[in-house]
Asker: 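Please read through the structure below; I'll follow up with questions.
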Amino acid sequence: MSDVAQPTVAEVRAAVEAVKAALDRHLDAIENRTGEDDPAVYQAFEGLASAAEAYDELLYDTYDEVTPFEVPLGDTLPDYSGPGEPGAISVLIRRDYTVADPQRLRRQAEGLSGAAAADGGDIGAAVGALFGEYEPDEVAERHKEFGLEEGDSTLWVTAAEPAEPGEWLSAPFDQADPRHLLFRFDVSAVYDDADADELDRLA
């Protein structure tokens, strides 16, 4: 565990409350599902797994204790039901980072052109300045330099329909349907034998 990111008791308590809320959302989604492969159930399942994992990590870091929860390794995805020859594809990427060194992050933001955006040390403004200057891939490559610590990441390639410019920008992730997944690549510390678990779901 990083010396600069020691979890607090309040963070552990917040994490367990998040697990409780995720449990409620998961049960609610199941009770109101519209079919066997309802994406709302899958999303609630993923949310519960993520909340349980975060709580387990904080519990261990703070109290050296663990939970009986295990994160499933990809066999819970529904069968592919998208088109055989998609007219378009969507690439969705999520990368999580811990702000391991806030001072380093602030200094990096202050060194950029237009450094006033750092707003007197505000972390959110510093992150905005960082991502306004660098491409996400460059941030991923240089994360330590920016005071960030890598967490889990995932890349999804899904079948999609051709979209008009600006059509989905107001809600870019609402239509991420796991049933249309063509390819998935995950990176997480939960994998003991490798840093990456690749799930090839080509139809």
Side-chain angles (χ1 to χ4, degrees), residues 1-33 37-79 91-102 105 123-124 127 131 136 139-141 143-144 146-158 172-174 176-181 183-201:
M1 185 186 67
S2 172
D3 292 336
V4 298
Q6 178 68 36
T8 66
V9 173
E11 287 175 320
V12 180
R13 177 59 60 181
V16 77
E17 293 300 326
V19 173
K20 295 176 185 178
L23 281 166
D24 287 337
R25 287 193 295 270
H26 185 243
L27 179 59
D28 184 65
I30 291 171
E31 290 176 337
N32 295 282
R33 63 184 171 190
D37 294 326
D38 188 343
V41 175
Y42 175 78
Q43 291 168 7
F45 175 89
E46 289 291 294
L48 177 56
S50 178
E53 180 185 358
Y55 171 58
D56 190 88
E57 290 179 356
L58 286 171
L59 192 69
Y60 180 78
D61 289 345
T62 307
Y63 298 109
D64 199 26
E65 294 287 347
V66 297
T67 71
F69 303 142
E70 293 184 7
V71 178
L73 301 181
D75 57 355
T76 59
L77 291 173
D79 292 336
V91 180
L92 302 96
I93 301 174
R94 172 173 173 168
R95 296 179 177 133
D96 281 6
Y97 300 94
T98 299
V99 181
D101 190 338
L105 176 59
I123 290 294
V127 169
F131 280 89
V139 174
E141 292 174 2
H143 63 278
K144 291 184 179 178
F146 300 139
L148 302 174
E149 182 177 317
E150 283 185 317
D152 290 351
S153 68
T154 189
L155 180 149
W156 286 24
V157 181
T158 67
F173 305 112
D174 281 4
D177 190 340
R179 296 171 299 178
H180 292 182
L181 192 64
F183 176 86
R184 176 173 176 172
F185 186 84
D186 296 328
V187 177
S188 175
V190 301
Y191 305 120
D192 295 330
D193 55 351
D195 289 336
D197 176 47
E198 183 175 320
L199 304 177
D200 190 348
R201 294 290 303 276

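What you see below is based on every heavy atom in this structure, not just the backbone, and it leaves out hydrogens, waters and symmetry mates. In what follows, residues are counted from 1 in the order of the sequence shown.
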Asker: Check whether any side-chain heavy atom of Val66 sits under 4.5 Å from a side-chain heavy atom of Leu59, and report yes or no.
Answerer: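 No; the side chains remain at least 4.5 Å from each other.
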
Asker: To the nearest 0.5 Å, what is the distance between OH (Tyr63) and CG (Leu58)?
Answerer: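 It comes to 10.5 Å.
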
Asker: Going from CD on Glu17 to CZ on Arg13, what distance comes out if it is rounded to the nearest 0.5 angstrom?
Answerer: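 Output value for this atom pair is 6.5 Å.
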
Asker: Check Arg25 against Ala18 and note the closest heavy-atom contact, atom names and distance.
Answerer: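 Answer, listing the atom of Arg25 first, then Ala18: NH2-O, 4.4 Å.
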
Asker: Do you know the tightest heavy-atom contact between Pro136 and Phe131?
Answerer: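 Taking every non-hydrogen atom into account, CA-CE2, 4.4 Å.
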
Asker: Please walk me through it: do Val139 and Leu148 pass side-chain contact (heavy atoms from CB on, under 4.5 Å)?
Answerer: CA-CA 9 Å; Val139 174; Leu148 302 174; 4.1 Å; yes

Asker: Is the backbone N or O of Asp28 less than 3.5 Å from a side-chain atom of Asn32, with the two atoms forming a donor-acceptor pair by type?
Answerer: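 Yes; at least one donor-acceptor contact below 3.5 Å.
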
Asker: Would you sort out whether Val91 and Phe183 count as a side-chain contact (heavy atoms from CB on, under 4.5 Å), showing the intermediate values?
Answerer: CA-CA 9 Å; Val91 180; Phe183 176 86; over 6 Å; no

Asker: For a quick test of reading the model, state the closest non-hydrogen atom pair linking Glu150 to Ala140 and the distance between them.
Answerer: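 Nearest pair, atom of Glu150 first, then Ala140: OE2-O, 4.0 Å.
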
Asker: Considering only heavy atoms from C-beta outward, does the side chain of Phe185 approach that of Ile93 to under 4.5 Å?
Answerer: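 No, too far: nothing below the 4.5 Å cut-off.
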
Asker: What's the spacing between Gln43 CD and Phe173 CZ if we round to 0.5 Å?
Answerer: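 The CZ atom of Phe173 is 12.5 Å from CD of Gln43, to the nearest 0.5 Å.
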
Asker: Where is the tightest heavy-atom contact between Val19 and Leu48, given as atom of each residue plus distance?
Answerer: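 So the minimum-distance heavy-atom pair works out to O-CD1, 4.1 Å.
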
Asker: Measure across His26 and Val41 and return the closest heavy-atom pair with its distance rounded to 0.1 Å.
Answerer: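 Smallest interatomic distance, heavy atoms only, reads CD2-O, 4.3 Å.
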
Asker: For Asp152, is there any backbone N or O sitting under 3.5 Å from a side-chain donor or acceptor partner on Asp96?
Answerer: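 Absent.
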
Asker: Closest heavy-atom contact between Thr158 and Asp177?
Answerer: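 Distance-wise, the nearest heavy atoms are CG2-O, 4.3 Å.
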
